[in-house]
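Just so you know, ligand 1 is whichever comes first in the structure, and atom 1 is the first atom listed for that ligand.
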Amino acid sequence: MKFCPDCQSLLTPKKVGKRKKLVCKLCGYTQPLTTKVKAAYRIKERIEHGPQDETVVIDEELAKQRPMPTVRAICPKCGHKLAYYWQVQTRSGDEGMTTFYRCYECSQTWREY
Ligand SMILES: [Zn+2]
Ligand SMILES: [Zn+2]
């Protein structure tokens, strides 16, 4: 963070013409935005955004490559009674394995809760 040498208030990055500058909102002081300063501001932004929400990813490619076993399961989309299934270890360990199903008929994919 950079502060105004005149009035000590926080300088904020602002686009002036084609270039970005650090501008004091209070007294109008400006200074060129160097790459070093730019990087410092970018790091701060990243921290404020926080960690991304955990998402469970269905590994489509992996599922295609492996010959999958089939099981009797009713498709929620077309009502077919046979589906491929595979299991995935969820990232939050205490949940254990999650079973995924893919309809033999229409390729609808769903997971067991
Ligand atoms: Zn100032
Ligand atoms: Zn189906």
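- Here the side chains of Y104 and C75 are not in contact, with every heavy-atom distance at 4.5 Å or above.
- Between SG of C7 and SG of C27, the angle at the Zn ion (ligand 1) works out to 120°, rounded to 10 degrees.
- At the Zn ion (ligand 1), the vertex angle linking SG of C24 with SG of C4 is 110° (nearest 10 degrees).
- With the Zn ion (ligand 2) as vertex, C75 SG and C78 SG subtend 110°, rounded to 10°.
- Under a hydrophobic-cluster definition in which Ile, Leu, Val, Met, Phe, Trp and Tyr are linked whenever side-chain heavy atoms come within less than 4.5 Å, directly or via other members, Y84 and L82 are assigned to the same cluster.
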For T109 and R102, run side-chain hydrogen bond (donor to acceptor under 3.5 Å, both in side chains): C-alpha distance rounded to whole Å, both residues' side-chain angles, the deciding distance at 0.1 Å, then the answer. CA-CA 4 Å; T109 307; R102 178 172 296 159; 2.9 Å; yes
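- The aromatic rings of Y101 and Y85 sit tilted, their planes meeting at an angle between 30° and 60°.
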